[in-house]
Amino acid sequence: QVQLLESGGGLVQAGGSLRLSCAASGDIFRINAMAWHRQAPGQSRELVAVIISGGTTNYADSVKDRFTISKDNAKNTVYLQMNSLKPEDTAVYYCYVNYHSYNMYQSSSWGQGTQVTVSS
């Protein structure tokens, strides 16, 4: 049983910054990848950023040079630093973790989502 606890969402003015956190807990032996997805009203869920175990990162074109994904391996926590926020960034942000449990089963888990609202 693995749970993801997200925090850091809220209301911010355009041009401002927010930092999202996602802490994974439970039966995790090793995390393979962590990612952030988002879903705006009337839109499909999209991948925002991903970081794999070796530290390689990838970003959606819409957030490159503004968002930074990072992780703290000791805390099983992933972060998303969001700078220069735009109204189009308004969405529910979901944390995703792919991992191996202690009995070596590979699985994944989603966070509950945190609302990010960027005003004009």
Side-chain angles (χ1 to χ4, degrees):
Q1 191 76 17
V2 170
Q3 294 181 332
L4 305 181
L5 181 60
E6 299 182 33
S7 62
L11 175 64
V12 66
Q13 294 181 346
S17 298
L18 285 173
R19 191 191 194 203
L20 305 183
S21 298
C22 175
S25 62
D27 185 21
I28 299 175
F29 176 73
R30 187 173 303 279
I31 291 177
N32 304 314
M34 307 183 86
W36 290 96
H37 298 245
R38 69 185 182 186
Q39 187 167 16
Q43 303 293 319
S44 59
R45 188 173 299 187
E46 65 172 344
L47 177 66
V48 176
V50 61
I51 184 167
I52 63 175
S53 60
T56 301
T57 60
N58 194 26
Y59 300 89
D61 288 340
S62 59
V63 306
K64 285 182 178 177
D65 302 319
R66 298 189 298 120
F67 291 10
T68 302
I69 188 170
S70 62
K71 62 178 179 176
D72 185 334
N73 292 330
K75 300 173 65 175
N76 282 342
T77 299
V78 63
Y79 306 94
L80 185 67
Q81 179 66 47
M82 304 183 293
N83 298 325
S84 301
L85 283 162
K86 306 174 181 179
E88 64 195 59
D89 296 317
T90 295
V92 177
Y93 285 71
Y94 296 92
C95 178
Y96 168 89
V97 177
N98 183 273
Y99 64 95
H100 279 93
S101 66
Y102 278 94
N103 60 7
M104 295 303 132
Y105 284 100
Q106 186 175 2
S107 189
S108 60
S109 184
W110 288 90
Q112 79 282 358
T114 184
Q115 177 70 48
V116 172
T117 302
V118 184
S119 63
S120 301

Measuring from [X]:[atom1] to [Y]:[atom2], what's the distance to the nearest 0.5 Å?
{"X": "Arg38", "Y": "Phe67", "atom1": "CZ", "atom2": "CZ", "answer": "5.5 Å"}
{"X": "Met34", "Y": "Ile52", "atom1": "CE", "atom2": "CD1", "answer": "13.5 Å"}
{"X": "Tyr59", "Y": "Ile51", "atom1": "OH", "atom2": "CD1", "answer": "7.0 Å"}
{"X": "Gln112", "Y": "Ser7", "atom1": "CD", "atom2": "OG", "answer": "8.5 Å"}
{"X": "Asn98", "Y": "Asn32", "atom1": "CG", "atom2": "CG", "answer": "4.5 Å"}

Hey, does [Y] have a side-chain heavy atom less than 4.5 Å from the side chain of [X]?
{"X": "Cys95", "Y": "Val97", "answer": "yes"}
{"X": "Tyr79", "Y": "Asp72", "answer": "yes"}
{"X": "Ser101", "Y": "Phe29", "answer": "no"}
{"X": "Met82", "Y": "Asp89", "answer": "no"}

Could you tell me whether a side-chain N or O of [X] sits under 3.5 Å from a main-chain N or O of [Y], the two making a donor and an acceptor?
{"X": "Thr114", "Y": "Tyr93", "value": "no"}
{"X": "Lys71", "Y": "Ser53", "value": "yes"}
{"X": "Glu6", "Y": "Gly113", "value": "yes"}
{"X": "Lys64", "Y": "Asn58", "value": "no"}

Atom of [X], atom of [Y] and distance for their closest heavy-atom approach:
{"X": "Val78", "Y": "Ser70", "result": "CG2-O, 3.2 Å"}
{"X": "His37", "Y": "Leu47", "result": "NE2-CD1, 3.4 Å"}
{"X": "Thr90", "Y": "Val118", "result": "OG1-N, 2.9 Å"}
{"X": "Leu85", "Y": "Arg66", "result": "CA-NH1, 3.9 Å"}
{"X": "Leu20", "Y": "Gly9", "result": "CD2-N, 3.6 Å"}

Return the set of residues passing side-chain contact (heavy atoms from CB on, under 4.5 Å) with Ser109 (not counting sequence neighbours), or none when no residue passes. Val2, Leu4, Tyr99

With a 6.0 Å cut-off (strictly less than), is the heavy-atom count around CD of Gln3, excluding the residue itself, greater than 12? no

Hey, are Ser17 and Asn83 close enough side-chain-wise for a donor-acceptor pair under 3.5 Å? yes

